[in-house]
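For reference, the structure discussed in these notes is given below.
Protein chains get the first letters and strands the later ones, always in sequence-line order, with residue 1 at the start of each. Remember, it's a predicted structure, so these values are computed and weren't measured experimentally.
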Amino acid sequence: MADDSKPLNFIQQTINSDLEAGVVDKVVTRFPPEPNGYLHIGHAKSICLNFGLAQQYGGDCHLRFDDTNPEKEEDEYVQAIIEDVQWLGFQWSGDIRYASDYFGQLYEWAQYLIREGKAYVCELNAEQMREYRGTLTEPGKNSPFRDRPVEESLILLESMKNGDVDEGLMTLRAKIDMASPNVSLRDPVMYRVKKVPHHRTGDAWNIYPAYDFAHGQEDAIEGVSHSVCTLEFASNRPLYDWFIENLPVPATPHQYEFGRLNLNYSVTSKRKLKQLVDEGHVDGWNDPRMPTISGLRRRGVPAVAIRNFCDSLAVAKTDGMVDMSQLEHFIRDELNTNAPRAMTVMRPLKVVMTNLPEDHLEQLQAPMHPNLDMGNRTLPFTREIYIDQNDFKEEYSKKLNKKLSPGKRVRLRNGYVIEAIDFVKNDSGEVVQVNASLVPDTLGTDPADGVKPKGVVHWVSAQHCVDCDVYLYDRLFSDPLPDAGDKNFLDAINPDSLQILTGCKTEVGLTDAEAGQPYQFEREGYFCKDSKNSSAERLVFNQTIALRSTWVEA
RNA sequence: UGGGGUGUGGCCAAGCGGUUAAGGCAGCGGCUUUUGAUGCCGCCACUCGGAGGUUCGAAUCCUCCCACCCCAGCCA
């Protein structure tokens, strides 16, 4: 039974009544991606739904590749999809399935339909077929080949299959109703000739089944009880049912449609994502700005954050636009509770503690996390340190009273209170060094003179730190609806979505950070070592997401 | 204009004829804080696309209207 702490969605309600009525005795779902691109956040919702349903009801969820169109499908994509599903934390029941496993069975069923007088080989070309189909408001008209003899169709189908027919010359069509108000019932194409090698079946076939002729039968073969798909397939449902009713299939699965996930400031269309990759607007399918599962992973988003986000979304028939901030909430929520803390200075400014000896070296202890159970780390503290340029102001102002400025104090995070004395500028007028004095006896306690610092600043020892590059990301699109209406989504690309900071200084302890392991760089945000650009010589961190900030300096 | 689907606060969304219309995100106040983070407290729809109707009583039932989404690939 499903978890009853949350209201049941309409699919769970259906499952419950199917179970009660005995129509179904085991829940079987499936996630059926076409291997023609990488999975994105929209797929994550479907994955969480389908695998989640199976878990809740003690059933099975199959991973099935819908590989019925060899022109667009590649093995690279199936490998990537397998990796993404597993990374998200799901395991399918039994072997991985492929629509192509059923090509033989599908072909026999096509012959069956022909013999039943319910399918025929049509020789209309694409343009003619469009004309015969009619329009949304006018009925179509029958193909001149509609009543051709069964034997003839059988023979023609065989030659299509054997490669004796050129592409575009013939199709196999279901004989349903050319006057149906539902256009997808106007003698839909079941098989088309494609003399294209398939990533699994090679050149064994010259014809490939169309989605509508394949999907429901695949479900029936696998014993899928609840075939969940997105809303745009709703008008295909009568056709799904028609094949199930008219074929000697081993089961009668049913299709249910829910609203797909749309996220603002992003696009979730494999076609458009592929275009971003192919045209080089991003660094591949796993560019950290991409809403792909692999992009989110490379960016440092934990799988559990994605799952929690998906679980928070309603499964309903409304197709809404979810705020990016909603996803961000779950990312921060997870990272805040689990990411170890560290200090990284992104725009280093040297601070010299003039009242400390040159060789001062002190090992400070700092907690890994506000949750003290996560242990401690050691921070070397020396006479020279780096703080962020942003945390020093030449002149004090009340609005910026948490910054360090001459005569003012600040606490070094996990360390002492310091007070700035003066500063040094270079020829360009930039502050390049701050001289300060350490206020004694302020480790873990406020200054004895009662002058308590307002701000806390992160820092790193100038002698004991490591250089790194930090990649800061902003949304890929500056338009909340980059592909609405007739807009060209490429025009909405945010030119400042990637900012690379070099010469940043981080704790030595992060030298051997594991790629993907999240850290909170205190007062900045969450980061992880990049799996692609990091090397033995170069340490690169991706910003997963900034800390929430309700404060605006300007 | 044919068919299918949906309309509850800025966003997501519960609600399935009967207390003052859940909750989350965002936002706004305040408290705590060695992260301007986190946490905590408070505020945020006299109203449920609109208009009628049924009823003692409707966001929930009926009627009409309006808006938006999907369908005319030999894509999925």
Side-chain angles (χ1 to χ4, degrees), chain A residues 6-7 13 32-34 36 66 68-69 71-73 122 124-126 129-131 133-140 167-173 179-186 188-194 207-208 210-212 214-215 229-238 257 259 261 264 270-271 309 312-314 316-330 332-333 336-337 341 343 366 370-371 400-403 410-417 442-446 452-458 480 520-525 546-553:
Chain A
K6 270 180 75 177
Q13 291 178 14
E34 182 190 11
N36 66 344
D66 226 343
T68 57
N69 185 356
E71 284 173 0
K72 299 182 175 178
E73 297 152 6
C122 179
L124 254 26
N125 64 32
M129 198 180 291
R130 196 179 325 118
E131 284 163 10
R133 189 159 30 229
T135 69
L136 294 179
T137 51
E138 302 157 21
E167 287 188 24
L169 295 187
M170 294 183 192
T171 57
L172 179 72
R173 296 227 260 163
S180 171
N182 182 347
V183 185
S184 55
L185 256 22
R186 320 241 260 229
V189 169
M190 294 165 57
Y191 269 106
R192 68 290 210 204
V193 177
K194 277 184 196 291
I207 57 173
Y208 293 93
Y211 167 85
D212 289 303
H215 205 93
C229 63
T230 44
L231 248 28
E232 67 268 28
F233 291 97
S235 49
N236 299 50
R237 180 163 18 103
E257 312 89 21
L261 165 65
N264 59 15
K270 277 194 271 189
R271 205 209 95 229
F309 168 66
S312 80
L313 301 169
K317 284 182 172 294
T318 44
D319 45 0
M321 181 64 62
V322 176
D323 251 61
M324 191 62 96
S325 64
Q326 209 149 321
L327 205 208
E328 293 174 341
H329 163 75
F330 286 96
R332 289 198 180 95
D333 191 49
N336 175 51
T337 63
R341 312 282 120 129
M343 293 195 284
N371 171 4
L400 301 172
N401 65 5
K402 296 201 174 198
K403 307 292 187 187
V410 100
R411 173 174 293 281
L412 299 180
R413 174 72 169 156
N414 298 126
Y416 294 92
V417 172
T442 49
L443 205 53
T445 120
D446 286 331
K452 199 180 161 184
K454 284 274 196 297
V456 178
V457 148
H458 56 103
Q520 183 194 93
F521 290 173
E522 289 189 285
R523 304 208 309 131
E524 296 286 3
L547 248 31
R548 190 166 166 273
S549 175
T550 50
W551 179 80
V552 201
E553 178 167 338

Nearest 0.5 Å, what's the CZ-CG distance between A/Arg411 and A/Leu443? 7.5 Å
Separation of the P atoms in B/rG2 and B/rC64, to the nearest angstrom: 14 Å
So which one's nearest nucleotide on RNA chain B is more toward 5', A/Asn401 or A/Ser325? A/Ser325
Considering only side-chain heavy atoms of A/Arg192, which listed nucleotide, B/rA37, B/rC74, B/rU6, is closest? B/rC74
Judged by atom type as modelled, is there a donor-acceptor pair below 3.5 Å linking the side chain of A/Glu138 to the main-chain atoms of A/Gly134? no
Quick one: does A/Gln326 reach the base of B/rG24 with a side-chain donor-acceptor pair under 3.5 Å? yes
Which value, rounded to the nearest 0.5 Å, describes the distance between A/Met321 atom CE and A/Asn264 atom CG? 6.5 Å
Please work out whether B/rG73 sits syn or anti, treating a glycosidic angle within 90° of 0 as syn. syn
Can you measure from NZ (A/Lys194) to CG (A/Asn69) and round to the nearest 0.5 angstrom? 4.5 Å
A/Glu131 CD - B/rA72 P separation (whole Å): 17 Å
When all nucleic acid strands are considered with a 4.0 Å heavy-atom cut-off, which category describes A/Gly455: base, sugar-phosphate, or nothing? nothing
Respond yes when some side-chain nitrogen or oxygen of A/Arg523 is under 4.0 Å from OP1 or OP2 of B/rG36, and no when none is. yes
Can you see if the side chain of A/Arg133 gets near the phosphate of B/rC74 - specifically, an N or O under 4.0 Å from OP1 or OP2? yes
Using the P atom as the reference point in each nucleotide, state the distance between B/rG53 and B/rU60 in Å, no decimals. 14 Å
Protein-nucleotide distance (A/His215, atom NE2; B/rC75, atom P), rounded to Å: 17 Å
If I pick the C1' atom on B/rA26 and the same atom on B/rC68, what distance separates them, to the nearest angstrom? 24 Å
State whether the side chain of A/Arg192 and the backbone N or O of A/Tyr208 hold a donor-acceptor pair below 3.5 Å, judged by distance alone. yes
Closest listed nucleotide, where the reference is the side chain of A/Asp66 and the choices are B/rG36, B/rA76, B/rA14: B/rA76
Interatomic distance at C1', B/rC65 relative to B/rC74, whole Å: 41 Å
Polar side-chain atom of A/Thr442 near backbone of A/Val417 as donor-acceptor pair, under 3.5 Å: yes
Nearest-angstrom distance from the residue atom CD of A/Glu138 to P of B/rU1: 14 Å
Select base, sugar-phosphate, or nothing to describe what A/Asn264 touches, counting heavy atoms under 4.0 Å on all strands. nothing
Taking the side chain of A/Pro370 as its heavy atoms from C-beta onward, which of B/rC74, B/rA14, B/rU35 lies nearest to it? B/rU35
C1' atoms of B/rG24 and B/rG50, separation to the nearest Å: 29 Å
Length of the CG-C1' vector between A/Leu327 and B/rC11, whole Å: 13 Å
Which whole-number value in Å describes the distance from A/Met190 CE to B/rC75 P? 15 Å
Side-chain contact test, heavy atoms from C-beta onward, threshold under 4.5 Å: evaluate it for A/Val456 versus A/Glu522 and give yes or no. no
Suppose you measure atom P in B/rG49 against the same atom in B/rC16; what distance do you get, rounded to whole Å? 15 Å
With P as the reference atom in both, quote the distance from B/rG9 to B/rA14 in angstrom, rounded to an integer. 13 Å
Can you check the distance between B/rU19 and B/rC40, where both ends of the measurement are the P atom (answer in whole Å)? 31 Å
Test side chain to side chain contact (heavy atoms under 4.5 Å, CB included) applied to A/Glu71 and A/Asn36, step by step: CA-CA 9 Å; A/Glu71 284 173 0; A/Asn36 66 344; over 6 Å; no
Which nucleotide sits closest to the side chain of A/Trp551: B/rU1, B/rG36, B/rA76? B/rG36
Reading RNA chain B 5' to 3', what string of ( ), [ ], | and . shows its pairs, if Watson-Crick and G-U wobble pairs count only when both distances fall under 3.5 Å? .(((((((.[[[..)..(....]]].(((((.......))))).....[[[[[..)....]]]]])))))).....
Atom pair CG (A/Leu412) and CE (A/Met343), whose distance is rounded to the nearest 0.5 Å: 8.0 Å
Check: A/Arg548 side chain, B/rU38 base, donor-acceptor under 3.5 Å: no
For a quick check of understanding: with a heavy-atom distance under 4.0 Å over all strands, which category does A/Gln520 fall into, base, sugar-phosphate or nothing? base
How many Å lie between CD on A/Glu522 and P on B/rG36, as a whole number? 9 Å
Candidate nucleotides B/rA14, B/rG2, B/rC16, ranked by approach to the side chain of A/Gln13 - the nearest: B/rC16
Would you say a side-chain N or O of A/Thr318 is under 4.0 Å from OP1 or OP2 of B/rG5? no
Among B/rC74, B/rG24, B/rC75, which nucleotide has an atom closest to any side-chain atom of A/His329? B/rG24
Would you mind telling me which of B/rC74, B/rC25, B/rG36 lies closest to the side-chain atoms of A/Lys194? B/rC74
Report yes or no: is there a donor-acceptor pair, N or O only, under 3.5 Å between the side chain of A/Glu524 and the base of B/rU35? no
Counting only N and O atoms by type, is there a donor-acceptor contact under 3.5 Å from the side chain of A/Lys317 to the main-chain atoms of A/Leu231? no
Within the pair A/Thr550 and B/rA37, is there a side-chain N or O less than 4.0 Å away from OP1 or OP2? yes
Testing B/rC75, B/rG3, B/rC70 for proximity to the side chain of A/Pro181, the answer is B/rG3
If you assign each of A/Ala316 and A/Asn414 to its closest nucleotide in RNA chain B, which residue comes earlier from the 5' end? A/Ala316
Over all strands shown, is A/Leu185 touching base, sugar-phosphate only, or nothing at heavy-atom distances under 4.0 angstrom? nothing
Separation of B/rG73 atom P from A/Tyr211 atom OH, nearest Å, is 17 Å
Using a 3.5 Å distance criterion without hydrogens, assess whether the side chain of A/Asn182 forms a donor-acceptor pair with backbone atoms of A/Ser235. yes
Atom CZ of A/Phe330 to atom P of B/rC11: distance rounded to whole Å? 18 Å
Proximal nucleotide (of B/rA72, B/rG3, B/rU35) relative to the A/Ser235 side chain: B/rG3
Any side-chain N or O of A/His458 less than 4.0 Å from the OP1 or OP2 oxygen of B/rU35? no
